[in-house]
Amino acid sequence: GIQVEQSPPDLILQEGANSTLRCNFSDSVNNLQWFHQNPWGQLINLFYIPSGTKQNGRLSATTVATERYSLLYISSSQTTDSGVYFCAVEGDGGSQGNLIFGKGTKLSVKP
Amino acid sequence: GAGVSQSPRYKVAKRGQDVALRCDPISGHVSLFWYQQALGQGPEFLTYFQNEAQLDKSGLPSDRFFAERPEGSVSTLKIQRTQQEDSAVYLCASSLVHRAVTDTQYFGPGTRLTVL
């Protein structure tokens with residue numbers, strides 16, 4: 001099946017710093033979503049981005065489907081950005097629509 | 001509007017007990033998914049419903065796991081004779097459309113199951 005790799009696994013930032021999180025996937029995808037899992041476990045949708053670039057406030061994401069990767073940019077990080085960021089994909093090989101998740105990037109933003 | 005809700009939020013069971021976990025998807029959403037998230041890992045797919053039809057249960061780890069969505073809305077995940085390895089967070093997600101057209105999946109807060 002499709003493989004999803006995220007890097008780095010852990011990231012520590014000082015408040016105000018910028019960061020880039022990467023997601024590589026091994027096959028063509030129909031769907032790619034970025035999530036933030038907060039300390040209470042809630043998965044919060046950040047972007048639905050199977051291709052192209054989107055921006056939402058301090059966050060933006062780019063997916064280059066032909067090269068099988070996606071990037072999540074966080075600018076001017078805040079302590080509330082702490083948590084785990086997941087990339088999840090749905091393959092286009094006849095799957096039922098279920099998402100395949102990477103192992104996540106654990107972000108800690110220090111004041 | 002209301003998001004996906006799950007209950008209970010926390011469940012402690014003794015090994016061997018049966019448990020039932022409930023998911024209320026966003027109203028009108030056709031697709032419903034269950035995922036299992038072990039500590040420190042990403043969620044893993046368990047099963048998928050399109051309306052009341054269970055179209056994929058390939059991720060269910062054993063025949064002790066059973067899911068239903070009888071009226072195409074609320075879903076229940078049942079685990080019989082729970083074992084310690086069943087301890088995890090169980091997440092439910094829903095999306096507006098069926099599998100032929102991909103769409104954003106919205107997740108509930110999860111049920112944290114601890115089996116003693």
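All values below were derived from every heavy atom in this structure, side-chain atoms included, with hydrogens, water molecules and symmetry-related copies excluded. Just so it is clear: chains get the letters A, B, ... in the order the sequence lines come, proteins before strands, and each one is counted from 1.
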Is the number of heavy atoms from other residues, nucleotides or ligands under 6.0 Å of [X] [atom1] greater than 12?
X	atom1	answer
B/L116	CG	yes
A/Q42	CD	yes
A/E5	CD	no

Contact origin within [X] toward chain A - heavy atom pairs under 4.5 Å:
X	answer
B/Q37	side chain
B/Y35	side chain
B/R9	side chain

Side-chain contact test, heavy atoms from C-beta onward, threshold under 4.5 Å: evaluate it for A/Y85 versus A/I74 and give yes or no. yes
Looking only at heavy atoms and a cut-off of under 4.5 Å, which of A/W40, A/F86, A/F101, A/F35 has the most pairs with chain B? A/F101
B/R64 side chain to B/Q80 backbone, donor-acceptor under 3.5 Å: yes
Test your reading of the model: is there a side-chain donor-acceptor pair from B/Q36 to the backbone of B/L46, 3.5 Å cut-off? no
Segment of [X] engaging chain B (4.5 angstrom heavy-atom cut-off):
X	value
A/Q37	side chain
A/F47	neither
A/L99	both

I'd like to verify something: which residue of B/G59, B/G42, B/P43 has the highest number of heavy-atom pairs under 4.5 Å with chain A? B/P43
